[in-house]
Amino acid sequence: MKNLEIYKEFYFREIDRKNELNNIINIPILIITGIISVQFYFYSQQIENSLKIYLEVLSIICALSILYSIFYLLKSFGNFFKNHSYKELNEMNSIYKYERELIKEQTKIADAESFFLEYLNEQFSDCASHNFLINKTRTEDIAKSKKGIFISIICTILFSIIFLISIITMAKKTENTKPIVKPVTTIQQPQSVLIKNSKQTKETPKTNIKRSN
């Protein structure tokens, strides 16, 4: 019975690892989505200076890293939509029937129990070994995917720094190229001249109109 407990522990541990690997994919997807959103936002801003070439190079490296990461994420999660063929124990009905057959075949119940225990050990061992290899491959694929995500994060950080520098340089250039508008100077005339001009404008010339008889 001690050996059976060991095989059971290995079997259920691989089942737990399977569930963990299925859930761990959510974090890389969120990170990739965030990186793509940041890249789209930056490219929505118009950048025209000498630093643009560096931004384009970083974007290409980031895009390749994301594609690399997505490739191994798909391989780890769904095996490219083929799904992973995990092994499980036989259905309980067939295990029960096999136990009943052993009891009928063997003259001693102890022998039947020994064969049945060996059968269970074989079942647990076979399933645990098969599932271990699948989980091992999936874990390695996720590790490769994390490398791609790490490279894309570094590229995004560098992209952000260069983007901010380019925005600052563009702002300084626009300030330097603005035309200087000189203020219009007005000459204020003395009060006496203004009063004299206003009187002249009010007076209208009188015209004599002769009537003809």
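Just so we're clear, the structure is a prediction, and the values are computed from it rather than from any experiment. When a residue number appears, it is its place in the shown sequence, counting from 1.
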Set of residues satisfying salt bridge (charged side-chain N to carboxylate O under 4.0 Å, His left out) with respect to D126, sequence neighbours excluded
K87

Residues two or more places apart in sequence or in another chain: which of them pass salt bridge (charged side-chain N to carboxylate O under 4.0 Å, His left out) with K136?
E140

Could you walk me through whether S59 and Q39 pass the side-chain contact (heavy atoms from CB on, under 4.5 Å) check?
CA-CA 8 Å; S59 294; Q39 293 285 335; 3.3 Å; yes

Let me confirm one number: the OH-SG distance from Y7 to C127, rounded to the nearest 0.5 Å.
13.0 Å

Answer yes or no: is there a donor N or O on one side and an acceptor on the other, between the side chain of S69 and the main chain of I66, under 3.5 Å?
no

For K146, what residues pass the salt bridge (charged side-chain N to carboxylate O under 4.0 Å, His left out) criterion, not counting sequence neighbours?
none

Y96 meets the ring-ring contact (aromatic ring centres under 6.0 Å, His included) criterion, sequence neighbours left out, with none

Determine, stepwise, if the pair I15 / Y86 fulfils side-chain contact (heavy atoms from CB on, under 4.5 Å).
CA-CA 9 Å; I15 295 298; Y86 281 93; 5.6 Å; no

side-chain contact (heavy atoms from CB on, under 4.5 Å) between K8 and L120, intermediate numbers included
CA-CA 9 Å; K8 282 172 64 177; L120 290 179; over 6 Å; no

Is I25 close to S76 at the side-chain level, that is, under 4.5 Å between some pair of heavy atoms?
no

Do R17 and E14 meet the salt-bridge criterion of a basic N to acidic O distance under 4.0 Å?
yes

How many angstroms lie between CD1 in I32 and CD1 in I153, if you round to the nearest 0.5 Å?
9.5 Å

Tell me, please, which residues at least two apart from S152 pass side chain to side chain donor-acceptor pair (under 3.5 Å).
none

How about T137 and K75: do any of their side-chain heavy atoms sit closer than 4.5 Å?
yes

Any side-chain heavy atom of F116 within less than 4.5 Å of one from I95?
yes

Residue pair N131, Y11: steps toward the side-chain hydrogen bond (donor to acceptor under 3.5 Å, both in side chains) verdict
CA-CA 8 Å; N131 296 341; Y11 172 77; 5.5 Å; no

From CA spacing to verdict: side-chain contact (heavy atoms from CB on, under 4.5 Å), L55, F42
CA-CA 10 Å; L55 296 176; F42 285 149; over 6 Å; no

What residues, two or more places apart in sequence or in another chain, satisfy side-chain contact (heavy atoms from CB on, under 4.5 Å) together with F10?
I6, R13, A128

Validation row: E122, S125 side chains within 4.5 angstrom (heavy atoms):
no

Between F150 and I31, is any pair of side-chain heavy atoms under 4.5 Å apart?
no

Below 6.0 angstrom between ring centroids: does that apply to Y72 and Y68?
yes

Measure the spacing between CD1 of I149 and CD1 of I35 and express it to the nearest 0.5 Å.
7.0 Å

Applying a strict under-4.5 Å side-chain criterion to I, L, V, M, F, W and Y, I'd like to know whether I36 and I154 cluster together.
yes

